[in-house]
Trainee: 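Structure incoming, see below.
None of the values given here were measured: they were computed from a predicted structure.
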Number of protein chains: 2
Amino acid sequence: MNQRATRQRRAVDAVLAEVDDFRGAQEIHDVLRRRGDSVGLSTVYRTLQALADSGEVDVLRGADGETRYRRCSQGHHHHLVCRDCGRTVEVEGPAVERWMDSVAARHGFHDVAHTLEVIGTCAGCHPG
Amino acid sequence: MNQRATRQRRAVDAVLAEVDDFRGAQEIHDVLRRRGDSVGLSTVYRTLQALADSGEVDVLRGADGETRYRRCSQGHHHHLVCRDCGRTVEVEGPAVERWMDSVAARHGFHDVAHTLEVIGTCAGCHPG
DNA sequence: CCTCTCATGAGAATGATTCTCATTCTGATC
DNA sequence: GATCAGAATGAGAATCATTCTCATGAGAGG
């Protein structure tokens, strides 16, 4: 957040602070409306985008095309996400980072970035 | 492709066979129309999806939300994509696969899948 | 309290993708 | 080669997340 502190931004922030999973914009908008602390959908989108730009939240694009957000720890990391309940674990992989950099360099690529997400079924959701 | 062989499917297949980069459905639809071998947009989408389901093409979801397809080699691999010209290099990383599996297992996750894409600027597009 | 802006939000607009369904075509059979 | 059932097609409507528009509202400093 770079600019004015408004009720709406505080509200969106609050929701993100309460949950530990990735949430979609519409979902957050619903939570706020049900809670009686309604915020316009456009504003939810704008706020989320601002938070993502400033690096305060991580973004994840699901297979269904919906973009989800989550307040994460600061450093660079990746996610292990449960496909059923959405439980999220942050993981680091320095070796993987190095591998990606070296592969990119070997092929003459510069300014590399990457996306790496692992999805599975967590122990709690696994039948057995 | 699992079912009947139609002109439309052959046409889409042909376009995919000609290019080496990831292409969007609309893009393929345009190419076909310009070429005079027009195919309905719905059909292009359907065909691409069928090809993706059968594993004949790889799918990549860009930051702009458009889904792109590419005929790739069979085995499991990842992509190094140029953000400017779209040039694509297939890469393998057995060590990375192992790392992801072990991390998932350590956290009690089953049936894991993953996405790993590296984007950068290729040598040809790099200014300097 | 004023004012200068940035922020908000209702609704329209966008853009990719999917759905509908009447029509056409493929592939198997005679 | 003629038939036929069911699969495939495609034009346009529908969907859905997201973005845009712009008139109105509200921080923050003076």
Trainee: Taking the nucleotide of DNA chain D with the nearest heavy atom to each, does Tyr69(A) or Ser38(B) sit closer to the 5' end?
Mentor: Ser38(B)

Trainee: Using whole Å, report how far CD of Gln3(B) lies from P of dG6(D).
Mentor: 13 Å

Trainee: Under 4.0 Å between a Lys/Arg side-chain N and an Asp/Glu carboxylate O for Asp37(B) and Arg7(B)?
Mentor: yes

Trainee: Say whether His76(B) and Glu97(B), considering side chains only, have a donor N or O and an acceptor N or O under 3.5 Å apart.
Mentor: yes

Trainee: OP1 or OP2 of dA7(C) versus the side-chain N and O atoms of Thr43(A): is any pair under 4.0 Å?
Mentor: no

Trainee: Side chain of His79(B), backbone of Val118(B): donor and acceptor closer than 3.5 Å?
Mentor: no

Trainee: Arg61(B) or Thr6(B): which one's nearest nucleotide on DNA chain C is closer to the 5' end?
Mentor: Arg61(B)

Trainee: Mind checking the CD1-OG1 spacing from Ile28(A) to Thr47(A)? Nearest 0.5 Å is all I need.
Mentor: 9.5 Å

Trainee: Does Gln26(A) make a side-chain N or O approach to OP1 or OP2 of dA17(D) shorter than 4.0 Å?
Mentor: yes

Trainee: Side chain of Arg46(A), base of dT19(D): donor and acceptor closer than 3.5 Å?
Mentor: no

Trainee: Measure CD/Glu27(B) against P/dG15(C) and give the value in whole Å, please.
Mentor: 16 Å

Trainee: Using whole Å, report how far CZ of Arg10(B) lies from C1' of dT26(C).
Mentor: 10 Å

Trainee: Rounded off to whole Å, could you give me the CG-to-P distance for the Asp64(B) and dG15(C) pair?
Mentor: 12 Å

Trainee: Pick the nucleotide of DNA chain D nearest each of Ser42(A) and Gly65(A); which residue has the one closer to the 5' end?
Mentor: Gly65(A)

Trainee: Specify the separation, in whole Å, of atom NE2 of His29(B) and atom C1' of dG12(D).
Mentor: 13 Å

Trainee: Let me know the distance between CZ of Arg7(B) and P of dG27(C), rounded to the nearest Å.
Mentor: 14 Å

Trainee: Would you tell me if any nitrogen or oxygen in the side chain of Arg9(B) comes within less than 4.0 Å of OP1 or OP2 on dT9(D)?
Mentor: yes

Trainee: Has Ser54(B) got a side-chain atom pairing as donor or acceptor with Ala52(B)'s backbone, closer than 3.5 angstrom?
Mentor: no

Trainee: Write down the distance between CG (Asp30(A)) and C1' (dC16(D)), rounded to a whole number of angstrom.
Mentor: 14 Å

Trainee: Look at the side chain of Arg4(B) and decide which nucleotide, out of dG27(C), dG6(D), dG27(D), has an atom nearest to it.
Mentor: dG6(D)

Trainee: Is a donor-acceptor pair below 3.5 Å formed from side chain Thr67(A) to base dA17(D), judging by atom type as modelled?
Mentor: no

Trainee: For Tyr45(A) and dA10(C), give me the distance from atom OH to atom P, rounded to whole Å.
Mentor: 15 Å

Trainee: Is there a side-chain polar atom (N or O) of Gln49(A) under 4.0 Å from OP1 or OP2 of dT18(D)?
Mentor: no

